[in-house]
Amino acid sequence: MGNNLKDIRKQISSVLNTQKTTRAMKLVSTSKLKKADEMARRSRMYATKIVEVLEEIKAKVASGDNVQDNPYFGAGNKDSKLVDIILVTADKGLCGGFNINTIKEVNRIIAEHKERNMKVRLRVIGKKAIEYYKFNEIEVLDSIIGLSATPQYEEAAEFVNKAVADYLNGITSKVILVHNGFKNMIAQEMKVNQLLPIENVTVPEECTSILEVEPNEQENEILRALASKYVEFSMYYALVDSLAAEHSARMQAMDAATSNAGELAKTLTIAYNKARQQAITTELVEINTGVESMK
């Protein structure tokens, strides 16, 4: 019985230490989430303005035919059966289903394209997805670790421009970006964005024009430059958005782990008290039995 009590005490101590760790990790994730959320909010405002300017230039400067002639807005190489998917996951775990949900969505998209006799190439950002595809022996064309943890615009642009180059050269017909995005403090949402060709985006009616542009011979150059910036920033924003979602998911996971550790500690404490009472009762019975035998 003594050994049993000792084992339970060790278990209680281990659970309480784990609870301290998960509580600390939750606090760290909460602090990081506030910073990442602010970064995502500023980036979202900039991304929205890019879309507004892009659409306004299309409407003011380019006719429909010219827009379709622009490689960023055209249908790409219709004869190509190759599609690039860029996916973003975290470099670390302990964030619930954050990473695996993104991978499942990508696998679903791959299956859909295979049904249409199309081949998919993977360009992966994040250690968790890289490890998953390596373990499952699935080929990854391009990968990078560290960018999802510390998003940098230049690195994001360099990474996505490899896919853009293949699209503009007619190697691929489409570029798709997949990441798990931040919805609010307690929820994430899967985001699938077709980067290329750029699809039409409707500008809100209340949008105030900031342009004084007249048609000229450089209309396609203007659209091409802005479209390039749009694609690069979309990649960067996905990284920032994913980082905020990652901290949100980890905060939730650590909060649940802390609660579960507390419940387990209570259960073990009850078991310890019952075992201790049983040991005391057994000792009293043995003492009484010894007293009776001496009479």
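Worth saying up front: this structure is predicted, and the values here are computed from it rather than measured.
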May I have the list of side-chain donor-acceptor pairs in residues 144-157 shorter than 3.5 Å, sequence neighbours left out?
{"residue": "Ser148", "atom": "OG", "partner": "Thr89", "partner atom": "O", "Å": "3.0"}
{"residue": "Thr150", "atom": "OG1", "partner": "Gly146", "partner atom": "O", "Å": "3.1"}
{"residue": "Tyr153", "atom": "OH", "partner": "Glu232", "partner atom": "OE1", "Å": "3.1"}

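Legend: residues meeting side chain to side chain donor-acceptor pair (under 3.5 Å) with Asn193, ordered by chain and number and at least two apart, are absent. When the side chain to side chain contact (heavy atoms under 4.5 Å, CB included) test is applied to Ile110, the partners found at least two apart in sequence or on another chain are Ile85, Val106, Asn107, Lys114, Val120, Leu122. Scanning for side chain to side chain donor-acceptor pair (under 3.5 Å) contacts around Glu158 gives an empty result, with sequence neighbours left out. Under the rule for a side chain to side chain contact (heavy atoms under 4.5 Å, CB included), the partners of Ser13 that lie at least two apart in sequence or sit in another chain are Asn17. In this structure Ser234 satisfies the side chain to side chain donor-acceptor pair (under 3.5 Å) test with no other residue, sequence neighbours excluded. The side chain to side chain donor-acceptor pair (under 3.5 Å) search around Gln19 returns none, not counting sequence neighbours. Remark: Thr21 engages Met25 in a side chain to side chain contact (heavy atoms under 4.5 Å, CB included) (not counting sequence neighbours). Annotation: side chain to side chain contact (heavy atoms under 4.5 Å, CB included) contacts of Asn260 (sequence neighbours excluded): none.
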- Query: Should Lys191 and Leu177 be marked as a side-chain contact (heavy atoms from CB on, under 4.5 Å) after you check the CA-CA gap, both sets of side-chain angles, and the distance that decides it?
  - Reply: CA-CA 8 Å; Lys191 296 183 180 179; Leu177 174 60; over 6 Å; no
- Message: side-chain contact (heavy atoms from CB on, under 4.5 Å) for Ser248 and Phe98? Distances and angles first, verdict last.
- Response: CA-CA 9 Å; Ser248 171; Phe98 174 80; over 6 Å; no
- Using the side-chain contact (heavy atoms from CB on, under 4.5 Å) rule, take Val240 and Phe182 through it: C-alpha gap first, then chi angles, then the decisive distance, then the call. CA-CA 9 Å; Val240 174; Phe182 179 77; over 6 Å; no
- Passes salt bridge (Lys or Arg N to Asp or Glu O under 4.0 Å), Glu105 versus Arg108? Steps please. CA-CA 5 Å; Glu105 180 64 19; Arg108 183 190 66 78; 2.5 Å; yes
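Judged purely by atom type and a 3.5 angstrom limit, Thr267 uses its side chain to pair as donor or acceptor with the backbone of Glu263.
Transitive grouping of hydrophobic side chains (ILVMFWY, heavy atoms separated by less than 4.5 Å) keeps Leu239 and Val192 in distinct clusters. Hydrophobic clustering (ILVMFWY, side-chain heavy atoms < 4.5 Å, transitive): Ile103 and Ile109 are in one cluster. Met118 and Val175 fall into different hydrophobic clusters, defined by Ile, Leu, Val, Met, Phe, Trp and Tyr side-chain heavy atoms under 4.5 Å apart, directly or through other members. Linking Ile, Leu, Val, Met, Phe, Trp and Tyr whenever their side-chain heavy atoms come within less than 4.5 Å leaves Phe159 and Ile130 in two separate clusters. In terms of hydrophobic clustering, with Ile, Leu, Val, Met, Phe, Trp and Tyr side chains grouped at heavy-atom distances under 4.5 Å, Leu195 and Ile125 are assigned to a common cluster.
Here NE2 of His179 is found 8.0 Å from CD of Glu189. Values are rounded to the nearest 0.5 Å. In this structure, CG in Asn180 is found 12.5 Å from CG in Leu243, a value given to the nearest 0.5 Å. Note that NZ of Lys134 is 14.0 Å distant from CD1 of Ile138, once rounded to the nearest 0.5 Å. Annotation: the span from Ile270 atom CD1 to Ile8 atom CD1 amounts to 11.5 Å, rounded to 0.5 Å. Atom CG of Asp241 is separated from atom OH of Tyr236 by 11.5 Å, given to the nearest 0.5 angstrom.
Residues in residues 90-102 take part in no side-chain hydrogen bond (donor to acceptor under 3.5 Å, both in side chains) pair, two or more places apart or across chains. Residue pairs meeting the side-chain hydrogen bond (donor to acceptor under 3.5 Å, both in side chains) criterion with at least one member in residues 116-130, sequence neighbours excluded, are Asp84-Arg121, Asp84-Arg123, His113-Arg116, Arg121-Asp166, Arg123-Asp166. Applying the salt bridge (charged side-chain N to carboxylate O under 4.0 Å, His left out) test to residues at least two apart or on different chains, the pairs with a partner in residues 245-257 are Lys26-Asp255, Glu246-Arg250.
Nearest heavy-atom pair, Thr22 versus Ala257, reported as atom, atom and distance to 0.1 Å: CG2-CB, 3.8 Å. Of all heavy-atom pairs between Ala261 and Val15, the closest is O-CG1, 3.1 Å.
Taking the side chain as every heavy atom from C-beta outward, Tyr167 and Pro197 approach each other to under 4.5 Å. Considering only heavy atoms from C-beta on, Val178 comes within 4.5 Å of Met190 through its side chain. Residues Leu27 and Met254 have side chains not in contact (no heavy-atom distance under 4.5 Å, counting atoms from C-beta outward). By the 4.5 Å heavy-atom criterion applied to side chains, Lys6 and Lys10 are counted as neighbours.
Each of Ile176, Thr172, Val231 was checked for a side-chain contact (heavy atoms from CB on, under 4.5 Å) with Leu196, and the lone residue meeting it is Val231.
The neighbour count for Lys162 NZ, taken as heavy atoms of other residues, nucleotides or ligands under 6.0 Å away, is above 12.
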